[in-house]
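Here the structure is laid out as structure tokens; the discussion comes afterwards.
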Amino acid sequence: MAEDTARWGFETRAIHAGQDPDPRTGAVIVPIYQTSTFAQDGVGGLREGYEYSRTANPTRTVMEEALAALEGGRHCLAFASGMAATDVALRTLCRPGDHVILGNDAYGGTFRLLDKVLAHWGVEHTAVDLSDPVATRAAVRPTTKVIWSETPSNPLLGIVDITALAAVAAEAGARLVIDNTFATPYLQTPLALGADVVLHSTTKYLGGHSDVVGGALITDDTELNEGFAFLRNSAGAVPGPFDSWLVLRGAKTLAVRMERHCDNAERIVAALAGHPKVTKVYYPGLETHPGHDIAAKQMRRPGGMVSFQVAGGEQAALDVAARTRLFTLGESLGGIESLIEHPGRMTHASTAGSLLEVPSDLLRLSVGIESAADLVADLLAALG
């Protein structure tokens, strides 16, 4: 089937890429190879290349093949978490003394890794508005090795022109890494737009059911993939077979889930826009969003994430988050259930006092696939 994959539609790839029926039993769902080691036919006589599940596991291999096919990439490596994937990417691409350009609205965990961990390893970073090519070029140094971008970004839903940013990275001799967690490969494929590496927290939309933690790196560059694989095997941040199976299971329904996430998000945005207790709504689907035109060009739809600021300041925002019933107060995103969080106190607390600090009256919604009318009613009741 592999030779047909590139010609298949997204939904077909999600269900069939790398997932032929089991040749021994005919099972149509990939087995969970819940094993730590594999018998060898003599020293070095590996069966299909498997020797130890930290290095490779058949369930994980199939999941990686499927995600690579969805992103249109040649290679995929899976990790124990999105941050494990981030760590391996940065430590493969950078050495002490190197420099990273980071979006000024990046995920708090990425900022924390650079600012609190890799800084002690001698890696420097600069936070920049990556939607501004002039500002991005101005931030480039001779030591710049990576431009790291989210689009849409977390939590302000900023949009970056991936093709334009890829040109800046190429001029600088740097690698462009796109965190595609919010968009998913159903809505956006950064490799096709010039990115060198795509990162996912598979915990989110790819898993889709809030029951697994994982990460992934996808690239077309074989040498780079080998570097990722060496560090992953050496450091050991791999997902187990069951975690890999859960992500593979979730990815099969990604297309239909993302359509419903987007439908519901658009209904919620319409209800929030103009509400007297909402001062600003962040959503790429709004024509007033500064990245609307670029999002329309490089994304299939605007996505299922919505952020908004509440009139009355931080306490008013905290009160709204405490009053929702269907929107569960919790971190993470991308699951079938709707979540609400206060980024300044939760996912982005590490950015306090930095250029990446988020507004204290900001709330972030991960819009689930429940009835849109029920979700809108829940938010309006919480706003009062």
Side-chain angles (χ1 to χ4, degrees), residues 81-83 105-110 150 152-157 179-184 186-187 200-215 246-247 250 253-254 256-269 271-272 278 281-285 301-310 314 316-351 358-383:
S81 69
M83 288 311 305
D105 54 355
Y107 169 53
T110 306
E150 304 163 15
S153 67
N154 181 6
L156 298 177
L157 286 304
D179 184 334
N180 203 31
T181 298
F182 271 28
T184 80
Y186 179 69
L187 299 181
H200 281 282
S201 170
T202 57
T203 311
K204 312 304 193 300
Y205 287 108
L206 286 169
H209 293 75
S210 301
D211 55 10
V212 65
V213 173
L246 286 171
V247 172
T253 61
L254 180 63
V256 291
R257 286 188 287 107
M258 289 310 299
E259 288 291 347
R260 183 58 175 262
H261 286 303
C262 292
D263 288 345
N264 285 357
E266 289 169 358
R267 288 278 298 275
I268 285 168
V269 167
L272 293 177
V278 174
V281 179
Y282 299 81
Y283 188 65
R301 294 188 69 180
M305 299 299 298
V306 179
S307 293
F308 65 100
Q309 289 177 256
V310 180
E314 182 178 34
L318 292 171
D319 290 343
V320 171
R323 286 195 292 260
T324 57
R325 296 178 61 199
L326 294 179
F327 281 86
T328 300
L329 179 63
E331 298 192 4
S332 199
L333 58 103
I336 53 175
E337 68 291 311
S338 294
L339 300 175
I340 187 169
E341 69 127 356
H342 183 271
R345 295 279 193 96
M346 297 169 70
T347 54
H348 289 68
S350 63
T351 66
V358 298
S360 63
D361 58 357
L362 184 77
L363 293 174
R364 189 193 73 183
L365 305 177
S366 174
V367 181
I369 63 172
E370 302 96 334
S371 165
D374 293 336
L375 294 178
V376 169
D378 188 41
L379 281 175
L380 294 181
L383 283 164

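Count residues from 1 along the sequence.
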Exercise for review: Mind running side-chain contact (heavy atoms from CB on, under 4.5 Å) on Thr347 and Leu333 for me, showing each step along the way?
Suggested key: CA-CA 11 Å; Thr347 54; Leu333 58 103; over 6 Å; no

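- The closest side-chain heavy-atom distance from Thr351 to Pro343 is not below 4.5 Å.
- Looking at Gln309 and Leu362, their side chains come closer than 4.5 Å, going by heavy atoms from C-beta outward.
- At least one side-chain heavy atom of His342 sits less than 4.5 Å from a side-chain heavy atom of Leu363.
- Nearest approach of Gly215 to Thr202, heavy atoms of both residues: N-OG1, 3.1 Å.
- Closest approach of Arg267 to Val376, counting heavy atoms only: O-CG2, 4.0 Å.
- When all heavy atoms are compared, the tightest approach of Gly207 to Arg257 is O-NH2, 4.2 Å.
- Within the model, atoms CD1 of Ile369 and CG of Asn264 stand 8.5 Å from one another, a figure rounded to the nearest 0.5 Å.
- Two residues are said to be in side-chain contact when any heavy atoms from C-beta on lie closer than 4.5 Å; Ile268 and Phe327 meet this criterion.
- Asp378 is not listed as a side-chain neighbour of Ser338, based on a closest heavy-atom distance of 4.5 Å or more.
- Closest approach of Ser307 to Leu157, counting heavy atoms only: OG-CD2, 3.4 Å.
- Counting only heavy atoms from C-beta outward, the side chains of Asp263 and Arg301 approach each other to under 4.5 Å.
- Under the 4.5 Å side-chain criterion, counting only non-hydrogen atoms from C-beta, Asn154 is in contact with His348.
- Looking at heavy atoms from C-beta onward, Leu272 lies in side-chain contact with Leu383 at the 4.5 angstrom threshold.
- Note on residues 326-337: pairs passing side-chain hydrogen bond (donor to acceptor under 3.5 Å, both in side chains), not counting sequence neighbours, are Ser210-Glu337.
- Here CG of Asp374 is found 11.5 Å from CG of Leu379. Values are rounded to the nearest 0.5 Å.
- Atom CD of residue Glu370 and atom CG of residue Leu326 lie 6.5 Å apart, to the nearest 0.5 angstrom.
- Atom OG in Ser366 sits 6.5 Å away from atom NE2 in His261 (nearest 0.5 Å).
- Ser201 is linked by a side-chain hydrogen bond (donor to acceptor under 3.5 Å, both in side chains) to Thr203, Lys204, counting only residues two or more places apart in sequence or in another chain.
- The line from OG1 of Thr324 to CD1 of Ile340 is 4.5 Å long, rounded to the nearest 0.5 Å.
- Across all non-hydrogen atoms, the minimal contact from Glu266 to Tyr283 is CG-OH, 3.7 Å.
- Note that the OG1 atom of Thr181 and the OH atom of Tyr107 stand 9.5 Å from one another [nearest 0.5 Å].
- Nearest heavy-atom pair across Tyr205 and Phe182 is CE1-O, 3.6 Å.
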